[in-house]
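Just the heavy atoms: all of them, side chains too, but no hydrogens, waters or symmetry mates, feed the values below. Quick caveat: nothing in here was measured; it's all calculated off a predicted structure. Numbering starts at 1 and runs along the sequence shown.
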Amino acid sequence: MVAMGGIGSAGIGGHHPTAIGYALAAFLVVGGGLLILRLTLAFWVAIAAALALTVSGALAWGGHPGWAMPVPAMLSIVIGLYLILRTVMARPALGKKPRRPLSDEPSPPAPQSPVGEAP
């Protein structure tokens with residue numbers, strides 16, 4: 001995501017980005033940066049950034065290149081779909097991790113309190 005944001009902010013083949021292109025590039029960089037931090041919110045931000053890249057590529061392919069980054073339209077569509085796939089695959093790694101015991105030995109069972117027994 002960060003690499004695609006960098007390519008989009010620099011342009012390819014002498015094309016320069018519009019304000020929307022810079023905004024998409026910044027959105028991709030923020031989404032990629034949040035994924036590195038492994039925050040739970042990062043999944044939705046990254047999906048939204050990749051979806052925005054895909055939609056902008058489709059708009060550019062449809063004849064509105066000002067609504068996209070200065071890269072070929074098909075590149076935006078394919079990379080956007082790929083980023084959605086990779087983000088969905090990375091979702092289990094995001095969020096809080098369960099605590100693991102310090103050793104590999106199983107912990108002893110917790111004592112069960114007797115229910116209904118007289119003291």
Would you sort out whether Val45 and Phe27 count as a side chain to side chain contact (heavy atoms under 4.5 Å, CB included), showing the intermediate values?
CA-CA 8 Å; Val45 173; Phe27 197 22; 4.1 Å; yes

Result block: side-chain N/O donor-acceptor pairs under 3.5 angstrom for residues 61-70, not counting sequence neighbours:
none

Look up atom [atom1] in [X] and atom [atom2] in [Y], then write down how far apart they are to the nearest 0.5 Å.
{"X": "Leu59", "Y": "Ile77", "atom1": "CG", "atom2": "CD1", "result": "9.0 Å"}
{"X": "Ile47", "Y": "Arg91", "atom1": "CD1", "atom2": "CZ", "result": "8.5 Å"}
{"X": "Thr87", "Y": "Trp44", "atom1": "OG1", "atom2": "CH2", "result": "11.5 Å"}
{"X": "Ile84", "Y": "Thr54", "atom1": "CD1", "atom2": "OG1", "result": "4.0 Å"}
{"X": "Met4", "Y": "Leu24", "atom1": "CE", "atom2": "CG", "result": "9.5 Å"}

Between Leu34 and Ala42, the two heavy atoms sitting closest are O-CB, 3.3 Å

All heavy atoms of Ser76 vs all of Gly57, minimum pair found to be CB-CA, 3.6 Å

Cluster membership besides Met89, Ile/Leu/Val/Met/Phe/Trp/Tyr side chains within less than 4.5 angstrom, sorted by chain and number, is Leu85

Using a 4.5 Å side-chain heavy-atom cut-off and chaining through intermediate ILVMFWY residues, the residues clustered with Tyr22 come out as none

Side chain to side chain contact (heavy atoms under 4.5 Å, CB included) filter on Ile36, not counting sequence neighbours, yields none

Residues at least two apart in sequence or cross-chain that pass side chain to side chain contact (heavy atoms under 4.5 Å, CB included) with Pro72, listed by chain then number, are Ile12, Leu75

From the list Val78, Leu83, Leu81, side-chain contact (heavy atoms from CB on, under 4.5 Å) with Leu53 holds only for Leu83

- Should Val2 and Val71 be counted in the same cluster of Ile, Leu, Val, Met, Phe, Trp and Tyr side chains packed under 4.5 Å apart? no

**Asked** So do Met1 and Val29 actually touch side chain to side chain, heavy atoms under 4.5 Å?
**Response** no

